[in-house]
Novice: 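Here you go, one structure.
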Protein chains: 2
Amino acid sequence: MGESRASQPSPDDLLAVGEVSERTGVAVSALHYYERLGLIASVRTDGNQRRYPRHMLRRISLLVVAKRIGIPLADVKEVFDTIPLDATPTHQAWQHTSRLWREQLRERKRAIEQLDAEITGCIGCGCLSMKACALLNPGDLLGETGQGPRRL
Amino acid sequence: MGESRASQPSPDDLLAVGEVSERTGVAVSALHYYERLGLIASVRTDGNQRRYPRHMLRRISLLVVAKRIGIPLADVKEVFDTIPLDATPTHQAWQHTSRLWREQLRERKRAIEQLDAEITGCIGCGCLSMKACALLNPGDLLGETGQGPRRL
DNA sequence: GCTTGACCTCAACCATAGTTGAGGTTTTAG
DNA sequence: CTAAAACCTCAACTATGGTTGAGGTCAAGC
């Protein structure tokens, strides 16, 4: 089961939703969801079934990449809204987008590296005394009025 | 407003919820939420108001750090469950936990780096043709039956 | 001793990212 | 022609991580 139609090429080079699901690894329910959000689109048969042109696979793959990066769907939509739904995005457009996403990815990496440095410092210093620890005192704390933890 | 009680040290070295909120930067509603989840605890006054011993600030700060790393609260709870609620965690316990979390952080970093490499390669190669692109073809795809995108 | 800000509980709601199920229709294979 | 697989819509539900509001209480200062 699950193969009868999905595994053979549709006429007219249009793909049924199950076929798209198999090829992209995205659940059918998610494809429906993305369509409701306007991230992807399909044409319909006379019987109201979805058919996807092949270039939609590209769009969906891009979406999956964005998700891997941690880009929220709303942000993906903003980018996708600048790319016509009815065609493959141009190389230029994809370059622009991929550079943008890569920048976001690198920001996330920088944030992680900073946290790593902080936590590593913390492991070394025995920060639990909550003295001058960057990790436990992100900038603002250290209760000015306290008879609190001895401040050195 | 917001200062009358919160800005002065409570008697008996116990902190009211508003004071804890100010010092940790965590919203009062979130503190209530964390308490419902069993992540933190408080003693109550005769009038049923929460009072926090100072060491609870430490627990909350740890929680905030974990959130920054992206650790789900359920995972934080698992760790916290091994640390007595009624005392400062030992240096040992914190070392163990922080090393664990650091490992998770580094895993996330590795994933990001791989994606970065993939997306960078993709920018260079003009992957939109969906040929042999690692980014657009994560391992499994490339529709075996297709008269699909020309496969070189 | 009373006012006012801080606090309480509980239920409902928000966003994100979907999944699940009911009830019904379409398409394809035999 | 018919059975089965795949599809359809719509509403409700899941999980995570909280916030908001209603309705009422507590505690500190004047």
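A note on names: the letters A, B, ... follow the listed sequences, proteins ahead of strands, and every chain is numbered from 1.
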Novice: Can you confirm whether B:Gln49 sits close enough to B:Arg44 that some side-chain heavy atom of one is under 4.5 Å from a side-chain heavy atom of the other?
Specialist: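 No, every pair of side-chain atoms sits at 4.5 Å or beyond.
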Novice: Check this one for me: any side-chain N or O of B:Arg44 less than 4.0 Å away from OP1 or OP2 of C:dT9?
Specialist: yes
Novice: My understanding is that only residues two or more places apart in sequence, or in another chain, count here; which of them pass salt bridge (charged side-chain N to carboxylate O under 4.0 Å, His left out) with A:Arg50?
Specialist: A:Glu35
Novice: By the salt bridge (Lys or Arg N to Asp or Glu O under 4.0 Å) test, which pairs, at least two apart or in different chains, include something from residues 90-102 of chain B?
Specialist: none
Novice: Heavy-atom nearest nucleotide on DNA chain C for A:Asn48 versus A:Ala27: which residue maps closer to 5'?
Specialist: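 With A:Asn48 and A:Ala27 compared, the 5'-side residue is A:Ala27.
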Novice: Whole angstrom is fine here: how far is it from CD in A:Glu19 over to P in C:dT28?
Specialist: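 In whole Å, C:dT28 P and A:Glu19 CD are 11 Å from each other.
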Novice: Nearest-Å distance, CG (B:Leu15) to P (C:dA6)?
Specialist: 16 Å
Novice: Check each residue of residues 71-81 of chain A for a non-hydrogen atom within less than 4.0 Å of any atom in DNA chain C, then write out the ones that pass by number, or none.
Specialist: A:Pro72, A:Leu73
Novice: With a 4.0 Å limit, can you tell me whether B:Thr45 has a side-chain N or O closer than that to the phosphate oxygens OP1/OP2 of D:dA27?
Specialist: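 Yes.
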Novice: Within this structure, what is the CG-to-P distance between A:Leu37 and C:dA15, rounded to whole angstrom?
Specialist: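 Rounded to whole Å, this separation is 13 Å.
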Novice: Under 4.0 Å from OP1 or OP2 of C:dC8: is there any side-chain N or O of B:His32 that close?
Specialist: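 True: B:His32 side-chain N/O within range (under 4.0 Å) of C:dC8 OP1/OP2.
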Novice: What's the CZ-C1' distance between B:Arg36 and D:dT19, to the nearest Å?
Specialist: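 It works out to 11 Å between those atoms.
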Novice: Could you grab the distance from atom CG of B:Leu31 to atom CD1 of B:Ile60, nearest 0.5 Å is fine?
Specialist: 5.0 Å
Novice: Rounded to whole Å, please give me the gap between OH in B:Tyr33 and P in D:dG18.
Specialist: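 After rounding, the gap between these two atoms is 7 Å.
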Novice: Which whole-number value in Å describes the distance from A:Lys67 NZ to C:dT16 P?
Specialist: 14 Å
Novice: Just the rounded figure in Å: distance from C1' of C:dC7 to CG of B:Leu14.
Specialist: 16 Å
Novice: Test B:Tyr52 against every option in B:Leu57, B:Leu14, B:Ile40 by the side chain to side chain contact (heavy atoms under 4.5 Å, CB included) rule and name the one that passes.
Specialist: B:Ile40
Novice: Over all strands shown, is A:Val17 touching base, sugar-phosphate only, or nothing at heavy-atom distances under 4.0 angstrom?
Specialist: sugar-phosphate
Novice: Write down the atom of A:Met56, the atom of A:Ala41, and the distance for their closest heavy-atom approach.
Specialist: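 Minimum heavy-atom separation between A:Met56 and A:Ala41: CE-O, 3.3 Å.
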Novice: If I take atom CG in residue B:Leu31 and atom P in nucleotide C:dT9, what distance separates them, rounded to the nearest angstrom?
Specialist: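 Answer to the nearest Å: 13 Å.
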Novice: Side-chain N or O of B:Tyr34 versus OP1/OP2 of D:dG17: is the shortest distance under 4.0 Å?
Specialist: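 Indeed not, no polar side-chain atom of B:Tyr34 lies that close.
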Novice: C:dT27 phosphate, OP1 or OP2: any side-chain N/O from A:Arg50 under 4.0 angstrom?
Specialist: no
Novice: So for atom NE2, which belongs to B:His96, do other residues, nucleotides or ligands contribute more than 12 heavy atoms lying within a distance under 6.0 Å?
Specialist: no
